[in-house]
Structures are given as C-alpha cells and as structure tokens.
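Throughout, a chain's letter reflects where its sequence line sits, starting with A, and its residues are numbered from 1.
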Amino acid sequence: MTQQEIKEDLFILLKQIAPDMEPSTLEPDENIREKLNIDSFDTLQFIVSVNEKFGIDIPEEDYGKITTIQSLSIYIDTKLKV
Amino acid sequence: MIEFLMPSLGADMEDGTLVAWRKKPGDTVKRGDIIAEVDTQKGLIEIEVFEEGTVGELLIKEGTKIPVGTPMALINTDGNQAATEKKPGPAVQKPEEKQSQIQPTEEPLPNKPAEQDVAKKRIKASPLAKKIAEDNNIALSGITGTGENGAITKHDVEIAIAKKGTGIPQEKQLNGPVYDKATPSESIRLAVAAAMSKSNREIPHYYLEKKIDMSTGLNWLKNTNKSRPVQDRLLPVSLLIKAVASALDEVPQLNGAWKDGLHLKNEINIGFVVSLRTGGVVVPTIPQADLKTVDEIMNILNDLIPRARALKLRSSELGNSTITLTNLGEGGADTVFGVIYPPQVAIVGFGNTSEQPFAENGMLGLRPVINVTLAGDHRATDGLTGSRFLASLNKYLQNPNAL
C-alpha cells in the first residue's frame, strides 16, 4: 500500500466522520481537526475507524503525532511495515 | 384504555407533524417501542410508547400537525380492557385529565416571538419538508407555510408537488437563490432562538465560575485508556458528565424545573449539548446519569452524538432533561457562561482545558485547568447553592475512583 493509497483511504474515512465537510481539500500539512472543524468525539471516532481500516493500534500518547494527513499517513505506513 | 399523547420534545417545540404510524390497531406494544414518526424542527423524531398493551384506535391521520399533549392514539392496557374508556372527542382535544398522561408534557411556549418580521426573509421549513422539496425539485420560496411561525411543513410541500403535477404553475424562483440554500440547521436555529429568547426574557440568571485542577482526572483517564483498545477509550467529557451527576446528587436544588415554583426532579437526566457542524445545537438526554458508570455514559455518548448530528433522535431523548451541560472541548474558549434551557433551572459549562500556573499548599506548579461555570435561575436558587454544587463537582473530579 503506497502512501498515496493510504491518503485516499483517510479521505474516505474523514468523509464518513464529517459528511458535511470536504476532506479532499486538506493540504498535507494542515491540521485535520482545525480545518474540518471536528471535535474530540469525532477525532476518537476517526481514530477508531483508522484502527479498524488499517489494523494498527494507535496509543493515546501518539495522538499528538498524527495531526495532519502527511504525518498520519507516514505514521500508518511505518506501523504497517513493522 | 388510555390515551397516548404527543409527548413534549423540549420547551422550544410546540408541535410536530405526524409522518407515519409504525403501529396499527391491534398491534401489541411494550415500553420503548416506536409507535410513530413525527417531523419536527429538530428532525424526524421517533415517538416511543411507555405503556404495555394493544393499540386501539389511531386518532390522528398521517400528515396532521399535532400540538404537544394531543391524544394520538388509544391503547388498551392489559387488565382493564375498555374499563375506563374515555371519549377521545373530535381530533384535537387538549386533555386536562391527568389520568391519560403518559409522558411528561412541558408547558408549551405561550408566546409567538416577535421575530416574525426578521425571519420573513428566510424560509422556515422542517428538515423533512426541505428534503422532500429538494427531492422533487420544488422551490421552497414558492410555498406558503402553515406550520409554526409560518414554517413550511411536509404537508405544504406535498400540496405544492400535487399542484405541480396538475400543471398549476409554481411561483418561479428567479432572484432568490438564498432561499434554496436553506439547510435543516436553519429550522434548528429557530428552535434554539425560541428557547433562548424565552430563557432570556423570563429567567434571572446568576453566574459562578470555578477553576478546577484536572491533573488527577486526566491521569485517571490516561491510565484507564492505556490498557484499552481504541474502541473502548473514554473521553474526558464522560468523566465530567458523571461528576456533574454525582454533584447534583449532593445539591439536588439545581436539578429541576421552574413552573410557578421550583419542582425538584428525582431523576438526574443530563441534557448534553451537541453542536452541529453547520450551526445550531441539539440537546439529547443522558438519562439517570447518576446511576451510570463512566463507561456506560461513554457508551451512551457513542450512540447519541452521531444520531444527534444526523437529527435522528427518539422522543425520550429530547425533552426529559433536568439540567443541561455544555462542553466546549479542547482548543476553544476558556470559559462558557450558558443560557438556561427552560424550564430547567441551571446549566453547567466547561471550557477548554489548558495548562495554567496553579498554586496549592504554598507551592506553584503547572496544571491542566478547566474553568467550570454554573448559570443558575435566581428564582429557584441562590449563589450559595450554586457554589456548593461547584465545590462538590471539584471534590468528585479530584477523586475519580469514587465515581
């Protein structure tokens, strides 16, 4: 799975969380929560969906490392390769 | 035989339009069954039954606007079939008799707000009406609303569709593109406007604030979440809700309704403010929060918040709250002073949690601190009561294991 494919999957997951927003307009280094106006509840739902989609565990202390599409897709890519 | 009444769906809603019966005469019903769907300003609400028995006659036709408290159906409750049969009377008869009361009905808003002039420029329509209009390519601007404050109802749209089908010309929408952009959240905006205007007119608010050190609570959450899969993790708000419920147990004067005097409620039903991304709020209820664990509250939120955002709530989830809690969450304003949702007598507000210098026992340190506010109805309670509540809330948040 390439990073581009990961990003595309992430957009789909974000669209499910925030159907009234347009995740594909996110720049790679933009803060996902701020840009899409999603709160901590939505964030948790999103992390659950990432967990289920990619089968990776994201501990709470890593939440700060995955605030943008770029950092999140690198994080997932790294975890998948482990 | 009892009458099943249109339940109250919050102080800001006077009526709804019956969209569909989900039960027919002869069907058996039990507590919690959905008997009907009603279109309201807050979306399509599923109406639940709180009696066991057999559906007798359905008194209301689909498509009819029904004010809160209107008998909707007759239900034969087991044991006394037809024993106390009441004449339902022609269609809409306001029941004065308490024997037929099934669900708490609140006092409907007595006054049509004087905002009609202002609202004229906007098209008011229920979410369902908007959807049907959109699906059928009907411009809302060409429809005259017969609902509350001139709001367009499903029925109005259906008439317009019927006219369109028979070739009667519709008012063409030439220069009013703004109207078509009316979203379901606009009708929610009006519901919020009505409730908050009533609150501001009638309730003399007092405000209190307390800074609460969240380090113990957040550490407790961190440790709890560490061993859990992501699906079972708790959000800080679940702890805050539980702490509020426990503090209300100690200071019950804030848990009630004002109606010619303070009426305390036995159940602690916390109305939880859910903001919609497109604007407006809906306030579903977390029932008997004092009797639930933090985990159970989190499970309820997981179920309730997505449905609230999708405007798919049940009647029992609206209108039964005995107090409201609003939580701005991370990254927002530090303090929120709420407006009480009538007829309740208090609202608790949580701001952003931020790291702040915090002095304790002669030592200064950095702590995650949350500003908690209480807005109380001064007719019902005084600042001292509110102050005791905030002190109790602090006590529980310093001792999350006890929750």
Side-chain angles (χ1 to χ4, degrees), chain A residues 6 9-26 29-69 71-73 75-80 82, chain B residues 127 181 183-185 188 218-241 272-281 284 297-312 326-333 350-353 370:
Chain A
I6 293 175
D9 280 345
L10 290 177
F11 287 144
I12 293 170
L13 296 179
L14 279 170
K15 188 73 186 168
Q16 285 164 3
I17 300 293
D20 31 18
M21 304 306 266
E22 202 35 79
S24 54
T25 60
L26 267 175
D29 55 352
E30 265 182 319
N31 185 296
I32 300 172
R33 282 187 60 170
E34 287 171 12
K35 179 73 192 279
L36 298 185
N37 194 19
I38 60 181
D39 61 15
S40 49
F41 179 79
D42 291 329
T43 307
L44 182 59
Q45 303 284 304
F46 177 54
I47 291 172
V48 167
S49 67
V50 169
N51 163 272
E52 285 166 355
K53 174 82 194 169
F54 298 98
I56 57 165
D57 180 42
I58 306 176
E60 225 177 21
E61 57 262 31
D62 284 356
Y63 287 4
K65 298 180 192 168
I66 51 173
T67 53
T68 67
I69 285 290
S71 60
L72 178 55
S73 49
Y75 181 91
I76 294 170
D77 193 34
T78 314
K79 283 253 180 179
L80 286 175
V82 171
Chain B
K181 289 184 182 138
T183 62
S185 70
I188 286 173
L218 292 181
N219 276 333
W220 179 84
L221 281 168
K222 201 171 147 188
N223 288 331
T224 308
N225 283 341
K226 202 175 248 173
S227 56
R228 293 184 176 206
V230 61
Q231 288 83 350
D232 297 342
R233 282 179 202 161
L234 301 171
L235 285 171
V237 69
S238 55
L239 186 66
L240 299 178
I241 292 169
F272 180 71
V273 179
V274 176
S275 60
L276 306 175
R277 246 173 249 100
T278 46
V281 293
I297 289 172
M298 189 65 213
N299 286 340
I300 292 175
L301 291 178
N302 282 333
D303 169 49
L304 215 49
I305 295 175
R307 283 197 294 113
R309 291 220 163 110
L311 301 178
K312 282 182 184 150
T326 181
N327 175 48
L328 294 183
E330 292 164 51
F350 291 93
N352 167 47
T353 303
I370 194 165

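For B/Lys222, there are no salt bridge (charged side-chain N to carboxylate O under 4.0 Å, His left out) partners at least two apart in sequence or on another chain.
For A/Ile47, the parts lying near chain B are the backbone and the side chain together; criterion is any non-hydrogen pair under 4.5 Å. With a threshold of 4.5 angstrom between heavy atoms, A/Asn37 approaches chain B through its backbone and through its side chain. Contacts of A/Gln45 with chain B are made by side-chain atoms alone, with heavy-atom separations under 4.5 Å and no backbone atom involved.
For the side-chain contact (heavy atoms from CB on, under 4.5 Å) with A/Phe41, the lone residue among B/Asn327, B/Asn302, B/Val237 that qualifies is B/Asn302.
The distance from the CG atom of A/Asp42 to the CZ atom of B/Arg309 is 4.5 Å, given to the nearest 0.5 Å. In this structure, A/Leu44 CG and B/Asn225 CG are separated by 8.5 Å, a value rounded to the nearest 0.5 Å.
Considering all non-hydrogen atoms of both residues, A/Pro59 and B/Arg233 come closest at CA-NH2, 3.8 Å. Across all non-hydrogen atoms, the minimal contact from B/Gln231 to A/Val48 is CG-CG1, 3.8 Å.
Looking only at heavy-atom pairs under 4.5 Å with chain B, the residue among A/Asp39, A/Val50, A/Thr43, A/Asp57 that has the most is A/Asp39.
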